[in-house]
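Everything on this sheet refers to the single structure shown next.
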Amino acid sequence: MSKPTPLSGFPEWTTSQRMIEQFVLDRIRQTFELYGFAPLETRSVEPLDQLLRKGETSKEVYLLRRLQADADGPAGDDALGLHFDLTVPFARYVLENAGKLQFPFRRYQIQKVWRGERPQEGRYREFLQADIDIVDRDTLPAHYEAEMPLVIGDALRALPIPPVLIQVNNRKICEGFYRGIGLTDPEAALRAVDKLDKIGPAKVTELLAETAGASEAQARACLALAGISAPDASFADAVRALGVTDPLLDEGIAELVAVVETAAAHAPGLCVADLRIARGLDYYTGTVYETQLRGYERFGSICSGGRYDNLASAGAVSYPGVGISIGVTRLLGLLFGAGALSISRSVPTCVLVAVGAEEERAGSNAIAEALRSRGIPAEVSPNAAKFGKQIRYAERRGIPYVWFRGAEGDQVKDIRSGEQVNAVPGEWAPPRVDLKPLVG
RNA sequence: GUGGCUGUAGCUCAGUUGGCAGAGCACCGGGUUGUGGUCCCGGUUGUCGUGGGUUCAAUUCCCAUCAGUCACCCCA
């Protein structure tokens with residue numbers, strides 16, 4: 001059998017990287033729970049018609065099919081696909097369980113998702129998202145839109161990563177403004193403006209004329225709006241100075257002011273109102289979020305989301321929501337690629353118990369058990385090689401302590417400093433920082 | 001999904017107008033008869049990404065494919 005090769009877009013980390021990932025996930029989960037979000041896991045597959053409710057990305061959905069299924073059979077709406085994000089499965093779950101849920105319903109969900117995209121650095125076909133959403137019945141207060149960045153700010157600031165900047169905008173501002181200047185296709189205008197960073201103002205002007213039927217003056221106004229950015233409520237003055245009036249616009253400004261001011265009070269420097277942020281397709285109806293990692297701006301957003309009013313509805317009842325999602329795999333992939341995340345050892349082991357001779361292994365096992373019973377990760381040496389070899393076994397893995405049994409009592413050695421002291425298995429404990437691998 | 005660039009040892013990379021595959025680091029053994037790291041000596045690094053083609057001969061040239069990366073597409 002020839003040597004297996006990687007699968008494009010399906011990353012597999014090393015054990016060290018996986019320990020870092022688990023550390024990151026633990027921290028994120030702790031923060032989400034501090035804010036009262038309840039854990040939820042949904043199944044990996046959804047009926048295709050559910051997955052396709054949100055747009056034209058059907059080609060990127062992975063289908064699930066049994067080997068024995070009719071290969072030529074039609075892949076109808078009842079075909080199963082791996083979920084493409086966590087918001088759509090969540091909306092489906094809310095509808096399915098509406099009768100059992102307490103509203104407003106706050107949940108977090110940390111799971112793999114799958115997209116058949118062309119992979120590159122920070123873009124994968126199988127990746128982890130850490131998602132929070134709040135949904136309510138019929139109406140959802142706007143203050144939840146201000147809460148999202150606070151949670152994310154706390155979650156990301158608790159990680160050993162560079163600072164982040166959350167860019168926020170509000171769909172009502174864009175749509176109200178576009179309507180106010182007489183554009184009839186706000187969605188087309190939004191998509192054109194969204195490309196501003198990539199293709200520049202001249203090309204966006206062309207695109208606005210082509211796809212949204214914008215005159216030169218209208219295009220100029222759109223670009224003026226998109227150019228507004230401020231870390232505080234002053235963006236509102238800049239918008240009003242453009243002289244466009246529309247009720248939806250005013251509503252959006254008020255909501256965005258609340259988001260920015262709440263963030264500024266809680267976490268100065270975390271958020272900026274940036275009116276060029278458009279985000280994806282059509283289902284966002286209020287605040288939208290994107291997040292840049294300082295120093296990694298060229299890789300795009302590592303955390304995004306927004307408010308949606310029409311994702312879940314059953315009959316006369318609707319369930320508006322707001323959510324945001326951390327792209328955990330992208331975040332880690334970028335930092336791993338830059339060598340910006342490390343861990344103090346490649347295994348959880350804190351103490352390696354040496355074996356003097358194979359006949360004495362039982363004694364070493366007993367010592368390891370005593371250590372483990374007090375929460376100290378310990379393993380026993382794989383063989384009774386020379387002690388130098390056993391120490392090297394520990395050193396290669398970053399294990400900080402080696403335990404030696406002796407006729408007149410045991411000793412434990414800190415192999416980093418070389419310091420060796422008398423120790424008793426039922427009493428000795430490492431300094432707190434050495435108990436678990438350190439991520440930095 | 002479309003196009004560009006790249007692919008040689010565990011890692012970073014040399015290399016040959018087509019003629020037996022190299023260096024540093026790492027790793028293994030010994031010096032060091034049971035306490036590593038420094039130093040000295042020695043050793044292995046390998047289907048040259050994979051599969052085909054041209055050729056007396058291919059790591060080198062050609063085609064395909066896989067993987068990585070970049071741009072586009074898309075980004076719930």
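A, B, ... follow the sequence lines: proteins, then strands. Residue 1 opens every chain. The figures that follow rest on heavy atoms only: side chains count, while hydrogens, waters and symmetry mates do not. Remember, predicted model here, so these are calculated numbers, not experimental data.
Listed by first then second residue, pairs satisfying ring pair (Phe, Tyr, Trp, His ring centres under 6.0 Å) with a partner in residues 415-440 of chain A read A/Y401-A/W428, A/W403-A/W428, not counting sequence neighbours. Listed by first and then second residue, the ring pair (Phe, Tyr, Trp, His ring centres under 6.0 Å) pairs that reach into residues 288-309 of chain A come to none, sequence neighbours excluded. Residue pairs meeting the side-chain hydrogen bond (donor to acceptor under 3.5 Å, both in side chains) criterion with at least one partner in residues 155-165 of chain A, sequence neighbours excluded, are absent.
Atom C1' of B/rU50 sits at a distance of 22 Å from the matching atom of B/rC11, rounded to the whole Å.
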Quick one: which protein N/O atoms are closer than 3.5 Å to N/O atoms of nucleotides 7-12 of chain B? Pair and distance per line, please.
none

For nucleotides 66-68 of chain B, give me every protein contact, N/O to N/O, under 3.5 Å, one pair per line with atom names.
{"from": "B/rA67", "atom 1": "OP1", "to": "A/S8", "atom 2": "N", "distance (Å)": "3.1"}
{"from": "B/rG68", "atom 1": "OP2", "to": "A/S8", "atom 2": "OG", "distance (Å)": "2.4"}

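The stretch residues 388-405 of chain A touches RNA chain B through A/G388, A/K389, A/Q390, A/I391, A/R392, A/E395, A/R396, A/F404, each having a heavy atom within less than 4.0 Å of the strand. Near-neighbour residues of RNA chain B inside residues 331-356 of chain A, defined by a heavy atom below 4.0 Å, number-ordered: A/V355, A/G356. Near RNA chain B, defined here as any heavy-atom distance below 4.0 Å, the residues from residues 407-422 of chain A are A/K413, A/I415, A/R416, A/G418, A/Q420, listed numerically.
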Validation: residues 202-214 of chain A side-chain donor-acceptor distances under 3.5 Å, sequence neighbours left out:
{"from": "A/T205", "atom 1": "OG1", "to": "A/P201", "atom 2": "O", "distance (Å)": "2.8"}
{"from": "A/T211", "atom 1": "OG1", "to": "A/L207", "atom 2": "O", "distance (Å)": "2.8"}

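Evaluation of the side-chain hydrogen bond (donor to acceptor under 3.5 Å, both in side chains) rule for A/N365 yields no partner, not counting sequence neighbours. Residues that satisfy the side-chain contact (heavy atoms from CB on, under 4.5 Å) test with A/F127, not counting sequence neighbours, are A/V113, A/R115, A/Y124, A/Q129, A/T329.
A stem is defined here as three or more consecutive Watson-Crick or G-U pairs, each with both distances under 3.5 Å; for RNA chain B these stems are B:1-7 with B:66-72, B:10-13 with B:22-25, B:27-31 with B:39-43, B:49-53 with B:61-65.
Judged by distance alone with a 3.5 Å cut-off, no donor-acceptor contact links the side chain of A/R123 to the base of B/rC70.
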